[in-house]
Amino acid sequence: MSTTSSDPLATLGTLPGVTEAVDSVRKAIDRVYGHRVMRRRSNEVTSEAALRGARGSAALSGADWNLEEVRRRTDFTGDSEARVVGAALRLTAEAGQLLSIWRQSPLRVLARLHLVAAGGAAPEDAVGRPRLAGESVDEPLIEAPLPDADEVEGRLEGLSGLILSGSEAPALVRAAVVHGELLALRPFGSYNGLVARTAERIVLIGSGLDPKSICPAEVGHAEQGRAAYVAAFEGYLSGTPEGMAAWIAHCGRAAELGVRESTAVCEALQRGAA
């Protein structure tokens, strides 16, 4: 993210291909918000989007459950996959409650997200705080080199500063950078992927792009597949303009696929089939 611009996120918004991705996402979201079902049953669409988004995020973290199994299950205290699905569901439910705090203290929100995700499964003294020197990280999907604790602390402060500075960058760019930076840092001992994708959701909601949280980008990330997700993330890690643009475009495509999912929900509700 190194750049001499006073608004580095806005600079990313001008990269080749990013403007097109931003425009495409905005048009897709506008279309689904204009669906007639949204005038009367938006709460139902929001609830279904949350469920499907949680399922998608859990799938990327290794718990690829059928949607109906996620819907049916009430106990998520069993094996590791069940705990991942439970964490994803709790995080999705929590996201909308943290918007006002995010605008004032993003790091406090990230700590809260990890606390919610862990749900008592991690040692109490390791929950809700960035990892310390020598502490391990359980994040099997991302195999990139792990920044040390001092670097994590500095870059988290930098990320918080960027968020609080009120960048003029499009919401998609801001959300993609938050998501990518948290994946790069893996600041917590566990559930970093789930937390990163929830933070992306918070940015999309809080920016006003998706205020009703009906466009689950997590669905789109999962639909594109774990290999494509990791490959796009490697572009973010590269820090090159081409790599950053590829990551932002990947996040844009994920958002569009989330829109498609919610459009299908709207159509099903309109037919009385959901």
Side-chain angles (χ1 to χ4, degrees), residues 19-61 63-74 76 84-86 88-97 99 170-176 179 194 197-229 232 248-274:
T19 300
E20 293 82 352
V22 167
D23 290 344
S24 184
V25 168
R26 184 180 296 114
K27 289 175 182 176
I29 291 178
D30 286 347
R31 283 195 298 271
V32 73
Y33 269 84
H35 197 287
R36 60 187 301 178
V37 165
M38 287 297 296
R39 294 196 292 270
R40 297 174 289 109
R41 305 178 70 177
S42 64
N43 287 344
E44 293 173 70
V45 181
T46 296
S47 295
E48 189 65 19
L51 182 72
R52 296 180 184 216
R55 193 217 72 82
S57 192
L60 284 171
S61 287
D64 192 1
W65 286 17
N66 179 278
L67 180 63
E68 293 311 313
E69 175 66 9
V70 177
R71 196 191 305 279
R72 179 191 66 80
R73 188 75 83 91
T74 57
F76 298 96
V84 167
V85 175
L89 288 167
R90 291 191 298 273
L91 285 171
T92 303
E94 189 80 1
Q97 313 300 316
L99 296 178
L172 173 63
V173 173
R174 285 180 274 147
H179 183 170
L194 295 180
R197 292 183 288 275
T198 304
E200 178 185 51
R201 173 183 282 265
I202 289 172
V203 175
L204 293 174
I205 299 169
S207 67
L209 181 63
D210 181 22
K212 294 183 183 293
S213 191
I214 62 167
C215 304
E218 304 96 323
V219 168
H221 285 303
E223 188 169 331
Q224 292 179 90
R226 299 178 89 197
Y229 183 75
I248 295 167
H250 182 87
C251 291
R253 180 59 179 157
E256 289 190 68
L257 290 170
V259 169
R260 187 177 71 179
E261 188 85 355
S262 288
T263 300
V265 170
C266 287
E267 295 295 332
L269 287 170
Q270 187 167 284
R271 296 192 304 269

Any donor-acceptor pair under 3.5 Å from [X] side chain to [Y] backbone:
X	Y	result
D210	I214	yes
Q224	G220	yes
S57	G53	no

Find the distance between [atom1] ([X]) and [atom2] ([Y]) and round it off to the nearest 0.5 Å.
X	Y	atom1	atom2	value
S207	R174	OG	CZ	5.5 Å
R55	L60	CZ	CG	9.0 Å
E44	S42	CD	OG	9.0 Å

Relative to the ring of H179, is the ring of H221 parallel (under 30°), tilted (30 to 60°) or perpendicular (over 60°)?
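Rings of H221 and H179: perpendicular, as their planes differ by over 60°.
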
Give the C-alpha distance, both sets of side-chain angles, the deciding distance and a yes or no for salt bridge (charged side-chain N to carboxylate O under 4.0 Å, His left out) between E68 and R72.
CA-CA 6 Å; E68 293 311 313; R72 179 191 66 80; over 6 Å; no

[Y] and [X], any side-chain heavy atoms less than 4.5 Å apart:
X	Y	result
V45	K212	no
V85	E69	no
E48	L269	no

Hydrogens and angles aside, do R201 and S213 bring a side-chain donor and acceptor to less than 3.5 Å of each other?
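Yes, a side-chain donor-acceptor pair sits under 3.5 Å.
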
Will you find, in the side chains of S61 and R197, an N or O donor that is under 3.5 Å from an N or O acceptor?
yes

